[in-house]
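Data first, discussion second: the structure below is written as structure tokens.
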Amino acid sequence: MDKLLDRISEEIKNAFEQAGYDRELGRATESNRPDLCEYQCNGAMAGAKQYKKAPIMIANEVAAKLADSAVFAKAEAVAPGFLNLTLTEAFVGDYIKEMRLEQKFGLEEIRNPREIVIDYGGPNIAKPLHVGHLRPAIIGESVKRIARYIGHHVVGDVHLGDWGQPMGLVINELKVRKPDLVYFDENYTGEYPTEPPFTIAELEEIYPFASKRSKEDEAYKADAMACTFKLQSGVRGYRALWKHIVDVSVTDLKKIYQILGVEFDLWNGESTVHDRIPEMVDYMKKGNYAYMSEGALVVDVKEETDTKEVPPCMILKSDGAYLYNTTDLATIMMRMEQNQPDEIIYVTDKRQDLYFEQVFRCARKTKLVKPETKLVHIGNGTMNGADGKPFKTRDGGVMRLESLIRDINDEMLKKIMENPKYELTEEEAKPTAQIVGMAALKYGDLSNQASKDYIFDIDRFTSSEGNTGPYILYTIVRIKSILAKFAEEGGNCEQVYAHINAPVNQSEKQLMMELAKFNASIEAACEEYAPHKVCAYIYGLADAFNHFYHETKILTEIDTTKKTGWIALLILTRDVLETCIELLGFSAPERM
Ligand code: ARG
């Protein structure tokens, strides 16, 4: 279905043509003076030079052609040459009626769906999830859902950090603490135990401990590096122990991602491509892409037009060890083979911008990808505390994701219980607080442009007023409760849902015009990898709905045609809002 703006523009284009001007001048935009009109067209100004005529004259001629238009109730030429436009009620009502009957509310599915791999999450094994991993997970999940909704084929991969130095640190520390474990007996040839020799709590304590010690103790660090090397070169016991570390960690990670409503199709990691690296290195050498520089194997990736220094991409360190980008490049190779993607998207902290620039250039130069393969890095900004610095715990430590979620749920519960209209017990309110808390957290994040830093303000995020998740949910719940009353009084939502009428007042018209932006908003959010555009859309929609609701007595209306039309409009608003929050990755409770 055409976007509303396109449909409006079409009418103006015809008028420009009929008046003897280039039809392309007839593009409409939303009005920047909503007090004067709903839409505007600046085409006469643009055409003035070409036709050597005062813009107001052109505008007047075009306005005359629009006098009997079914689209515009008012088309006025105003100095110095704008067209101020107001839509007819019938046109708006018809558009919404059509939108109601269309699949996906008038959003057209993509004609050429793309194969997309999206790499987001990026948690590291043996380290607890901290808030730094929150944004890639939340943003990536939403970008994935939006692309799928539009019709692309999208595979999400968590890309675990499971193969680097942290693994050696953990294994080495286990060796220090439990030297008798069978995994360290190099002569052992039997089966290894199926039960891990540690708990998740132990594991989480070990990593920071070992990491700290390795910074202070050279010999200790060397031992840890030796462990990494043994692991990577395939020593049986080390691999078996590593497998336990991964399993225990992944079980825990899955729990948290589930709470976050984040689902990955693939649980691959850096380790997945380990065995492919020699082949890749070979290929890069044979193609003369890679050369030795101070003992390391590198690929140059700088370009003439660079304004900043882009260092070479290092494939192997001088000791032959692999790096972060070695695994990323090998992963690209594997994905091209297994998924044949048209596009690979990465969501990470924006501090990795330069890193991905290097990796992408290297992948192109070495032809790991096709010339037309799109490589995208969505670099997210930092979530800061009230002091403007990266979010920390009260005592200055790294905030664990679990604690953050707990805090927000507690705050939400408190706010729900403070609401005098809320009738349930605290125990009953808990599941609701979790649903709303998740919306507060995710919306608080997603409503910001991904690349921008933002301040995590728990009080604002959990507020039921303003541009927040809870505000959106309150709006949905309010609609649901009106619909429930309508049903209690004998109404049948199923029967009336398509009975959209022309709007009878300005707030209803406004609500319809907001609804009508659905297809354009979702398309823009997809093209620009911008979930914040979905947030902006539903915020505008929720506001328009609440305005309409305060001005309209819906259930007591005696004119049944009017009333059914309103109920249908409510159902559509609910459906659209619920679809959008699903795209953002959260849901609404039945009541709150
Ligand atoms: N594990 C990495 C980190 O914590 C993020 C991984 C992002 N994905 C990637 N393909 N490099 O920084």
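All residue numbers refer to positions in the sequence shown, counting from 1. Because only heavy atoms are used, hydrogens play no part in the values below, and waters and symmetry mates are left out as well, while side chains stay in. Not measured: the values here are computed from a predicted model. Numbering of ligands and ligand atoms starts at 1, following listing order.
Ranking the protein heavy atoms by distance from atom 8 (N) of ligand 1 puts D119 OD1, 3.1 Å first. Taking atom 12 (O) of ligand 1 as the reference point, the nearest protein heavy-atom neighbour is Q352 NE2, 3.2 Å. Regarding atom 6 (C) of ligand 1, its nearest protein heavy-atom neighbour is Y324 OH, 3.3 Å. Nearest protein heavy-atom neighbour of atom 4 (O) of ligand 1: N124 ND2, 3.0 Å. Atom 10 (N) of ligand 1 has D328 OD1, 2.7 Å as its closest protein atom, hydrogens excluded (heavy atom only).
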Residues D247, K243; criterion salt bridge (charged side-chain N to carboxylate O under 4.0 Å, His left out); working and verdict: CA-CA 6 Å; D247 289 346; K243 181 94 180 44; 3.2 Å; yes
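When each of M336, E115, R335, E343 is tested with T373 by the rule side-chain contact (heavy atoms from CB on, under 4.5 Å), just one qualifies, namely M336.
Residues F264 and Y120 place their aromatic rings such that the two centres sit under 6.0 Å apart. Here F360 and Y346 bring their ring centres to under 6.0 angstrom of each other. With ring centers used as reference points, Y322 lies under 6.0 Å from H274.
Y283 and Y289 have tilted rings, their planes meeting at an angle from 30° to 60° on a 0 to 90° scale.
Although no hydrogens or angles enter the test, the distance criterion places a donor-acceptor pair under 3.5 Å between the side chain of H244 and the main chain of P193.
Those atoms of ligand 1 that come under 4.0 Å of a heavy atom in G122, given as number and element, are 1 (N), 2 (C), 3 (C), 4 (O), 5 (C), 6 (C). The contact set between ligand 1 and Y346, taken as ligand atoms under 4.0 Å from a residue heavy atom, comprises 10 (N). In summary, the atoms of ligand 1 found under 4.0 Å from a heavy atom of T348, numbered by their order in the structure, are 7 (C). Short contacts between ligand 1 and H133, defined as distances under 4.0 Å to a heavy atom of the residue, involve ligand atoms 4 (O).
By the 4.0 Å heavy-atom criterion, F356 is counted among the residues contacting ligand 1.
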